[in-house]
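One structure below.
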Amino acid sequence: MGELSSQDQSLMQDAIKARHKAYAPYSNFTVGCALILENGVVVTGNNQENAAYPSGLCAERVAVFSAGAQYPGVKILKMAITASPKDDSFHKPVPPCGACRQSIAEYENNQKSPIELYFMGAAGTVLKSDSLSDLLPLIFDKNYL
Ligand code: THU
């Protein structure tokens with residue numbers, strides 16, 4: 001964390017705050033995401049679980065869909081993600097799941113500029129990816145439709 005720029009630390013702090021508001025009564029695994037748009041607005045999300053398990057949604061998709069709904073066409077510059085069991089016990093970087101990568105890729109492809117991703121556990125080491133495309137090669141996208 002300490003090696004990040006102050007803007008990136010602030011984004012990760014927003015992700016931490018979002019994680020603490022996650023609704024995860026079934027897995028007890030809480031995830032927070034904060035993304036910053038090119039207009040400076042920060043949009044957050046957290047995982048929202050459901051008694052019918054597959055009806056829940058990951059933090060990253062809550063955040064990107066919320067950004068897409070509220071600020072259509074505004075570029076996403078960076079996303080910070082923090083994930084751990086509720087007791088904060090996990091301190092290794094937690095990368096986004098495949099479905100979230102696919103969803104984020106839709107926005108990265110449309111905006112034609114990379115989205116930086118920073119991910120960590122409850123605290124500790126932060127991993128950075130310069131672009132979503134580095135996490136999901138050979139992606140299926142609208143060019144195949
Ligand atoms: N989860 C996320 O929010 N993001 C991911 O990338 C992986 C998993 C959530 C879904 C579920 O609420 C909990 O973590 C356990 O899988």
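Atoms within each ligand, like the ligands themselves, are counted from 1 in listed order. Along the sequence shown, residues are numbered consecutively beginning with 1. None of these values were measured; they are calculated from a predicted model.
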>> I'd like to check the side chain to side chain contact (heavy atoms under 4.5 Å, CB included) partners of T125; sequence neighbours left out, ordered by chain and number.
In response: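 T125 satisfies side chain to side chain contact (heavy atoms under 4.5 Å, CB included) with P93 once adjacent residues are dropped.
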
> Quick one: side chain to side chain contact (heavy atoms under 4.5 Å, CB included) partners of V62, sequence neighbours excluded?
Replying inline: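 Side chain to side chain contact (heavy atoms under 4.5 Å, CB included) check on V62 returns Q48, L57.
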
> Mind checking who shares a hydrophobic cluster with L145, ILVMFWY linked at side-chain heavy-atom distances under 4.5 Å?
Replying inline: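 Result for L145 is F140, Y144.
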
> Do E108 and S131 have side-chain atoms, one donor and one acceptor, less than 3.5 Å apart?
Replying inline: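 Side chains of E108 and S131: pair found under 3.5 Å.
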
> Y118 and D8: side-chain donor and acceptor closer than 3.5 Å?
Replying inline: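 A donor-acceptor contact under 3.5 Å links the two side chains.
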
Could you pull out the N/O contacts under 3.5 angstrom between ligand 1 and the surrounding protein atoms?
from     : atom 1 : to  : atom 2 : distance (Å)
ligand 1 : 3 (O)  : A59 : N      : 2.9
ligand 1 : 4 (N)  : E60 : OE1    : 2.8
ligand 1 : 6 (O)  : E60 : OE1    : 3.4
ligand 1 : 6 (O)  : E60 : OE2    : 3.0
ligand 1 : 6 (O)  : C97 : N      : 2.9
ligand 1 : 12 (O) : N47 : ND2    : 2.9
ligand 1 : 12 (O) : E49 : OE2    : 2.5

> Mind checking whether I36 and Q7 have side chains closer than 4.5 Å, heavy atoms only?
Replying inline: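 I36 vs Q7: side chains touch.
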
